[in-house]
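Residues: numbered from 1 along the sequence shown.
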Amino acid sequence: MSETPAQDRPSSGEIEKVRELIKDETIAMVTTVTSDGSLVSRPMGVQAVDFDGDLWFFAAADSSLAADARQEPAANAAFSGSSSWVSVAGQVTLVRDRDKLRDLWNAVADAWFPDGPDDPNVALVRLRATSAEYWDSPGGRVATLFRLVATKITGKPYEGGQNETVQL
């Protein structure tokens with residue numbers, strides 16, 4: 001694996017911006033590629049881990065998500081907040097690390113997998129991000145509404161905030 005040139009690495013500020021936008025989001029729409037090449041999205045609970053380029057999800061080892069991860073690793077996780085939207089693209093892998101699973105275990109996982117973290121059918125899915133794109137509209141929905149109204153009054157195009165792509 002080749003080293004990424006320093007100028008192509010994201011700055012800590014870029015990673016921090018993505019982390020800040022998704023830190024309070026508990027659900028992501030995770031899109032994977034099925035065996036016939038179709039795209040399928042499903043809501044998945046994001047595990048409480050500071051974003052460092054990886055997103056973690058619990059899944060049944062015999063689920064369609066796990067099957068997709070085994071056949072085609074391309075995936076995306078989309079987040080929608082009150083004033084921001086984030087799309088994280090990368091590669092998914094099925095992780096059967098019991099120590100990591102126990103480390104991430106929580107009450108929500110317990111509800112989906114009542115036999116606990118030692119259930120042989122429970123696994124982790126890691127999405128290793130290769131890029132993230134975000135749209136951030138500071139001030140929330142009310143500020144966005146005012147800006148939209150202002151565009152009608154002034155006749156100037158809407159400037160909806162910040163849109164950036166970060167290569168991870």
Side-chain angles (χ1 to χ4, degrees), residues 10 12-34 38-70 72-145 160-168:
S12 60
E14 290 173 314
I15 292 173
E16 181 59 34
K17 178 68 175 186
V18 174
R19 180 183 297 129
E20 182 65 27
L21 292 174
I22 66 174
K23 74 176 179 152
D24 294 326
E25 303 305 323
T26 58
I27 302 293
M29 287 300 290
V30 177
T31 302
T32 55
V33 182
T34 66
S38 300
L39 298 175
V40 64
S41 298
R42 66 203 41 90
M44 297 290 296
V46 181
Q47 300 316 300
V49 176
D50 275 343
F51 178 73
D52 61 359
D54 289 343
L55 296 170
W56 293 91
F57 308 93
F58 285 107
D62 61 359
S63 68
S64 61
L65 172 61
D68 293 349
R70 285 189 287 268
E72 170 55 58
N76 190 83
F79 299 86
S80 179
S82 63
S83 64
S84 64
W85 301 265
V86 180
S87 175
V88 178
Q91 306 285 309
V92 288
T93 54
L94 199 61
V95 177
R96 301 299 292 255
D97 180 334
R98 290 288 153 205
D99 290 333
K100 182 71 172 176
L101 202 144
R102 284 185 198 96
D103 184 48
L104 295 176
W105 197 258
N106 57 49
V108 174
D110 206 42
W112 283 92
F113 302 100
D115 290 336
D118 293 319
D119 179 338
N121 194 40
V122 67
L124 290 166
V125 173
R126 176 179 60 200
L127 190 155
R128 176 152 287 161
T130 55
S131 67
E133 185 169 8
Y134 63 84
W135 299 261
D136 188 18
S137 184
R141 292 181 179 152
V142 173
T144 299
L145 179 61
Q162 184 180 16
N163 171 231
E164 297 291 335
T165 300
V166 178
Q167 296 303 317
L168 302 164

Do any N or O atoms from the side chain of Asn76 and from the backbone of Ser87 form a donor-acceptor pair under 3.5 angstrom? no
For the CG atom of Leu65 and the OG1 atom of Thr32, what is their distance to the nearest 0.5 Å? 5.5 Å
Keeping Arg128 on the side-chain end and Gly90 on the backbone end, is there a donor-acceptor pair under 3.5 Å? no
Between Arg96 and Pro120, is there a donor-acceptor pair closer than 3.5 Å when you use the side chain of the first and the backbone of the second? yes
Tell me if a side-chain donor or acceptor on Asp136 pairs with a main-chain N or O of Asn163 at a distance below 3.5 Å. no
Within a strict 4.5 Å, meaning less than it, do heavy atoms of the Leu124 and Asp97 side chains meet? no
For the residue pair Gln162 and Tyr134, what are the closest heavy atoms and their distance? NE2-OH, 3.4 Å
Give the minimum heavy-atom separation between Met44 and Phe57, together with the two atoms involved. CB-CD2, 3.5 Å
Could you pull out the closest heavy-atom pair between Ala123 and Leu94, with the gap in Å? CB-CD1, 3.9 Å
Pair Lys17 + Glu20: basic N to acidic O under 4.0 Å: no
Taking Asp68 first and then Arg42, would you say they form a salt bridge - that is, a charged N and a carboxylate O separated by under 4.0 Å? yes
Heavy-atom closest pair, residues Ala129 and Val88: CB-CG1, 3.4 Å
Would you confirm whether Thr130, through its side chain, and Ala89, through its main-chain N or O, come within 3.5 Å as a donor-acceptor pair? yes
Smallest separation among heavy atoms of Leu55 and Ile22, with atom names: CD2-CD1, 4.0 Å
Is there a side-chain contact (heavy atoms from CB on, under 4.5 Å) between Leu39 and Val33? Walk through the geometry before answering. CA-CA 5 Å; Leu39 298 175; Val33 182; 3.8 Å; yes
Separation between OG of Ser84 and CZ of Phe79, rounded to the nearest 0.5 Å: 10.5 Å
Has Arg126 got a side-chain atom pairing as donor or acceptor with Thr93's backbone, closer than 3.5 angstrom? no
Please test Asp50 against Glu16 for side-chain contact (heavy atoms from CB on, under 4.5 Å), starting from the C-alpha separation and ending with a verdict. CA-CA 10 Å; Asp50 275 343; Glu16 181 59 34; over 6 Å; no
Does the plane of the ring in Phe113 sit parallel, tilted or perpendicular to the ring in Trp105? Use 30° and 60° as the thresholds. tilted
Starting at CZ of Phe58, measure out to CD of Gln47 and round the result to the nearest 0.5 Å. 4.5 Å
Looking only at atom types and distance, does a side-chain atom of Glu72 sit under 3.5 Å from a main-chain N or O of Arg70, one as donor and one as acceptor? no
Is a donor on one side and an acceptor on the other found under 3.5 Å between the side chain of Asp52 and the backbone of Asp54? yes
Do Phe51 and Leu168 pass the side-chain contact (heavy atoms from CB on, under 4.5 Å) test, and can you show the C-alpha distance, the side-chain angles, and the key distance before you say yes or no? CA-CA 11 Å; Phe51 178 73; Leu168 302 164; 3.8 Å; yes
Give me the atom names and distance for the closest heavy-atom approach of Leu127 to Ala75. CD1-CB, 4.0 Å
